[in-house]
Amino acid sequence: MASLNVGNLGEYLREQRNAAQLSLRQLADAAGVSNPYLSQIERGLRKPSAEVLQQVAKALRISAETLYVRAGILDEREREELETRAVILADPSINERQKNVLLQIYDSFRRENGFVPETDETDKADEADETPGADETPGADDALKADAAKDDNPHS
């Protein structure tokens, strides 16, 4: 976990509040925190909790993950991964099975590029699909093959 940089966070919050054309008091009320507490956060004197940051982000209509990164609670790469997953999961044009397959493919590509996914489920699925001694690295093709097998079997 990165170190907390509350000065940078406070400046960023002030910029976002000004861009939203909110007074300190209006933002404090909308976020459910006290005016003096929010002022101290903006001046870099207080370290807000993740919960407070989430409330402030919601009031400002910005990503809570962005504030977590600014506060040093979340690494930038973790934020990007979380946002990518959230977009996939929120897409109403694809069904749950398709979302799961897409996330498996995403995890596979991340592994191939040296990043370890947060979920263990895809690791287990890939291990089951691997053929001992195969020269190919398990990847997106494995997830697509598994998806095709499900489509061929209407009982799964």
Side-chain angles (χ1 to χ4, degrees), residues 1-127 129 137-144 146-147 150-151:
M1 182 164 71
S3 64
L4 198 60
N5 187 353
V6 291
N8 185 27
L9 171 66
E11 292 169 21
Y12 181 74
L13 281 176
R14 185 176 295 116
E15 289 170 9
Q16 294 300 310
R17 179 175 58 78
N18 289 334
Q21 298 181 333
L22 293 172
S23 70
L24 192 65
R25 186 174 308 280
Q26 288 171 321
L27 179 56
D29 289 342
V33 298
S34 74
N35 188 36
Y37 181 63
L38 185 58
S39 174
Q40 290 173 348
I41 293 170
E42 280 194 1
R43 291 182 288 141
L45 303 175
R46 288 285 197 147
K47 299 176 186 179
S49 68
E51 183 179 328
V52 167
L53 289 175
Q54 186 174 15
Q55 291 169 237
V56 171
K58 186 176 179 182
L60 287 171
R61 296 183 180 193
I62 61 174
S63 163
E65 287 81 8
T66 300
L67 293 185
Y68 297 159
V69 170
R70 293 279 179 164
I73 295 172
L74 186 66
D75 182 76
E76 180 69 21
R77 270 194 238 145
E78 292 173 318
R79 179 189 67 86
E80 290 170 359
E81 179 185 354
L82 288 172
E83 287 179 352
T84 300
R85 290 179 179 284
V87 168
I88 292 169
L89 293 171
D91 188 337
S93 67
I94 58 177
N95 65 39
E96 291 304 311
R97 182 184 54 80
Q98 292 167 330
K99 290 175 185 180
N100 286 331
V101 170
L102 191 52
L103 287 172
Q104 289 174 358
I105 292 168
Y106 176 67
D107 287 343
S108 173
F109 285 149
R110 287 179 51 81
R111 269 195 305 281
E112 287 176 14
N113 293 330
F115 298 98
V116 178
E118 289 187 17
T119 60
D120 288 63
E121 293 173 23
T122 54
D123 292 337
K124 292 174 189 168
D126 281 344
E127 288 172 11
D129 287 343
T137 304
D141 290 339
D142 295 331
L144 293 174
D147 190 37
K150 288 179 184 174
D151 288 342

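The model shown is predicted, which means the values in this text are computed figures rather than measured ones.
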Flag side-chain contact, heavy atom, 4.5 Å: [X] against [Y]:
| X | Y | result |
| --- | --- | --- |
| E80 | E65 | no |
| D91 | V87 | no |
| R85 | E81 | yes |
| L13 | L67 | yes |
| L89 | L103 | yes |

Measure the [atom1]-[atom2] distance between [X] and [Y] for me, rounded to the nearest 0.5 Å.
| X | Y | atom1 | atom2 | result |
| --- | --- | --- | --- | --- |
| R110 | T84 | CZ | OG1 | 8.0 Å |
| K58 | L53 | NZ | CG | 15.0 Å |
| I94 | N100 | CD1 | CG | 9.5 Å |
| R46 | L9 | CZ | CG | 14.0 Å |
| Q16 | R61 | CD | CZ | 14.0 Å |

Does CD in Q55 sit with more than 12 non-hydrogen atoms of other residues, nucleotides or ligands closer than 6.0 Å? yes
Residues L74, L82; criterion side chain to side chain contact (heavy atoms under 4.5 Å, CB included); working and verdict: CA-CA 10 Å; L74 186 66; L82 288 172; 4.0 Å; yes
The criterion is side-chain hydrogen bond (donor to acceptor under 3.5 Å, both in side chains); which residues satisfy it with [X], sequence neighbours excluded?
| X | answer |
| --- | --- |
| N35 | none |
| Q21 | none |
| E83 | S63, R79 |

In residues 25-34, what donor-acceptor pairs under 3.5 Å come from side-chain atoms, sequence neighbours left out?
unit_1, atom_1, unit_2, atom_2, d
Q26, OE1, S23, N, 2.7
Q26, OE1, S23, OG, 3.4
S34, OG, Y37, N, 3.1

Check whether E42 reaches the backbone of S39 with its side chain - one donor and one acceptor, N or O, closer than 3.5 Å.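 Not at all, since once roles are kept as given, no pair shorter than 3.5 Å links the two residues.
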Taking salt bridge (Lys or Arg N to Asp or Glu O under 4.0 Å) as the test, write out the residues that go with E51, two or more places apart.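 Once residues adjacent in sequence are excluded, E51 has no partner under the salt bridge (Lys or Arg N to Asp or Glu O under 4.0 Å) criterion.
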Residues in salt bridge (Lys or Arg N to Asp or Glu O under 4.0 Å) contact with K99, at least two apart in sequence or another chain: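 K99: salt bridge (Lys or Arg N to Asp or Glu O under 4.0 Å) contacts with E96.
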Closest approach of P48 and I41, non-hydrogen atoms and distance?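 Scanning both residues completely, I find the closest heavy atoms to be CB-CD1, 3.7 Å.
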